[in-house]
Amino acid sequence: MPTAIINSLGTYLPKKILTNFDLEKMVDTTDSWIKERTGIEERRIADDEETTSILGFKAASAALQNGNCSPDKIELIILATTTSDYPMPSSAALIQAMLKATNAGAFDIQAACSGFIYGLTLAKAYIEANIYKKILLVASDKLSSVINYEDRNTCILFGDGAVAALISNEGEGLEIKTSNLGAEGIYSQHLLIPAGGSKKPASEDTVKDKLHSVKMEGKEVFKHAIRRMAKSSLECLEKLNIQVKDINWVIPHQANFRIMETLAKQLEIPFSKVFRTVHKYGNTSAASVGIALSELFESQEVKPKDHLLLTAFGSGFTWGSVILKKTETND
């Protein structure tokens, strides 16, 4: 049976930086209050012309370059996003056009902050079923386009960014060993964008009432996030018949420093093994885990046979975990 391997990664982060001190001038908050409760110091904000598809295209181009792969070799593009450029067409199709990946199918998936994990699981299934040999998974979100910068409970949390992974059935990189996905839609009202869909189409009232921006009940999200990510992570370990001590790095969704710290305690893993980028980028939704994974490789030594645990939680509620294993070199 073919094995799904992440051969390369690419990221794109907008140049504009929005610091906590900038936010102090916009809403009733302080740098110390934000850092104490979230660990976030700054986040990246896309320019007006940088849409979700453009962010994704730039990350995808970097992944292809890093993997020495031409766009015409890609057979499928999967985009995980909550902030697609349009209700239709898919932003994956827009990325396909920009890349000139003329042999690729393309579609979006929406699992909010769990999107990268869901996408890895899909790509693994396609590769191992021998349906496709080369897949480009992109996770891109422009959260600044759906944030109310008068709401201090949400505007401090989110930033923009994108990541892409070239996944194939050959070569070196990170083998996608196993995954675990979950959802519980009965809690959907705790984290959502109320208007803009078929239930509440855009109108003068929905715009006036700011219903096209993220609404969140933070305490509920915090509570569920820790429990679901911990359980999902342990179920992945059980599938592989390995233990927490066999995990070399944990790369969780980069939403909140406290969530990551509590998750490490739940898993009984040293916090030094939890890789963090939340202080630099805030919550970049679907892109967050992948951006952190890419930066792990830039800053730390990942050895052959090392196990990496990725876990995320998002609106839906959705959650999921993946275990990756660094392949051995052919030298």
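Predicted, not measured: the structure shown is a model, and the values here were computed from it.
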Pairwise side-chain contact, N20 with I156, heavy-atom cut-off 4.5 Å (strictly under): no
Okay, side chain of R44, backbone of P14: is any donor-acceptor separation there less than 3.5 Å? yes
Are K134 and E170 close enough, and set up right, to give a side-chain contact (heavy atoms from CB on, under 4.5 Å), and what steps lead you there? CA-CA 9 Å; K134 285 191 185 295; E170 61 184 3; 4.0 Å; yes
With a sphere of 6.0 Å drawn around CZ of F271, does it hold more than 12 non-hydrogen atoms of other residues, nucleotides or ligands? yes
Are any side-chain N or O atoms of S144 and backbone N or O atoms of I45, one a donor and one an acceptor, separated by less than 3.5 Å? no
Evaluate the side-chain proximity of M260 to Q254: yes if any heavy-atom separation is below 4.5 Å, no if none is. yes
Counting neighbours of NZ on K16 that are heavy atoms of other residues, nucleotides or ligands and sit closer than 6.0 Å, is the number greater than 12? no
Ignoring hydrogens and geometry beyond distance, is a side-chain donor-acceptor pair present between H190 and E217 at under 3.5 Å? yes
Main chain of D31, side chain of E24: is a donor-acceptor contact present, judged purely on distance under 3.5 Å? yes
From CG (L309) to CH2 (W249), nearest 0.5 Å: 13.0 Å
Can you classify the ring geometry of F313 versus H224 as parallel (below 30°), tilted (30 to 60°) or perpendicular (above 60°)? parallel
Which atoms form the tightest heavy-atom contact between I323 and H307, and what is the distance? CG2-CD2, 4.0 Å
Judged by atom type as modelled, is there a donor-acceptor pair below 3.5 Å linking the side chain of D141 to the main-chain atoms of T82? yes
L166 pairs by side chain to side chain contact (heavy atoms under 4.5 Å, CB included) with which of I135, N68, L9, I74? I74
Side-chain touch E50/Y12, heavy atoms, less than 4.5 angstrom: yes
